[in-house]
Amino acid sequence: MKRFMTLLALLAIVAAGSARTLVIYYSFTNNTATIVSNLSAQLPGADVVRIEPAEEGLDYAADGYAIGSALIAAIRENPDDAASYPEIKPVAVDVASYDEIIVAVPLWWGNMAAPMQTFLFHNGGAMAGKRIGLIVSSASSGISGVEADARRLIPDGEFVEPSL
Ligand SMILES: Cc1cc2nc3c(=O)[nH]c(=O)nc-3n(C[C@H](O)[C@H](O)[C@H](O)COP(=O)(O)O)c2cc1C
C-alpha cells in the first residue's frame, strides 16, 4: 500500500504538468516492457526509451544464465572501468532535460541488468538533482542490490522511496 501511494504521488506530480518525465527501461523477456507499457498509459506526457544491447540475439539465460552471469561478474569486479560494461545501441536522449526519470529494469543475479548499467554508467552523472523512481522486475529475489547499483551509478539522484 505504501509503495502504491508513493507511485501515486509521483504520478500526481507528473499529471499536474509541472514536470518533464522520462521512462527509461531495459527488458530481456519483456516482463519489464509490460510494466512500462501499463505505466506509460497513465503517463501520456512521458517520453519512453528502451535500452538495447549492441549485440543482438544473445540468450542471457542459456547454459544456466552463463552470459548474464559473466556480464554481471565483470561489472562487480571493475565497476569503475567502462570496459566492464557491455555495449548498447546509441540512445538519443538528453537526460539532463528531464525533471523526473523512472528507471525500469530486470534483476540479474541480485544486481541491475547489465545493459541498463551501461546506460547509467555513461548518463547517471547527468541525472544529478533529478527525481529518480526505480522499478525492478525479478523472479523472486529482493531488490536491494539493484537499488545499490542505481545509487552508485546515479550518485546525486533524488531517489523516490520506496522503489517498486
Ligand atoms: C541473466 C539473468 C539473471 C537473473 N537472475 C535472477 C536472480 O538472481 N533472482 C531472480 O529473482 N530473478 C532473476 N532473473 C529473472 C528476472 O529477474 C525476471 O525474470 C525478470 O522479470 C525479467 O524481466 P524482463 O522480462 O524484463 O527481462 C534473472 C534473469 C536473467 C536473464
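Numbering of ligands and ligand atoms starts at 1, following listing order.
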Inset, instruction - Identify the two heavy atoms, one from L134 and one from M112, that lie closest to each other, and give their separation to 0.1 Å. - result: CD1-CE, 4.5 Å

Legend entry - Aromatic ring pairing Y60/W108, orientation class (parallel under 30°, perpendicular over 60°, tilted between): tilted

Inset, instruction - Compare all side-chain heavy atoms of L71 with those of Y85 and state whether any distance is below 4.5 angstrom. - result: no

Legend entry - Nearest heavy atoms of V36 and A104, plus distance in Å: CG2-CB, 3.7 Å

Legend entry - Electrostatic pair K89-E55, nearest N-O below 4.0 angstrom: no

Legend entry - Flag side-chain contact, heavy atom, 4.5 Å: D47 against V23: no

Inset, instruction - Quick one, list the residues around ligand 1 where some non-hydrogen atom comes in under 4.0 Å, by chain and residue number. - result: S27, F28, T29, N30, N31, T32, Y60, Y65, G68, P106, L107, W108, W109, G110, S137, S138, A139, S140, S141

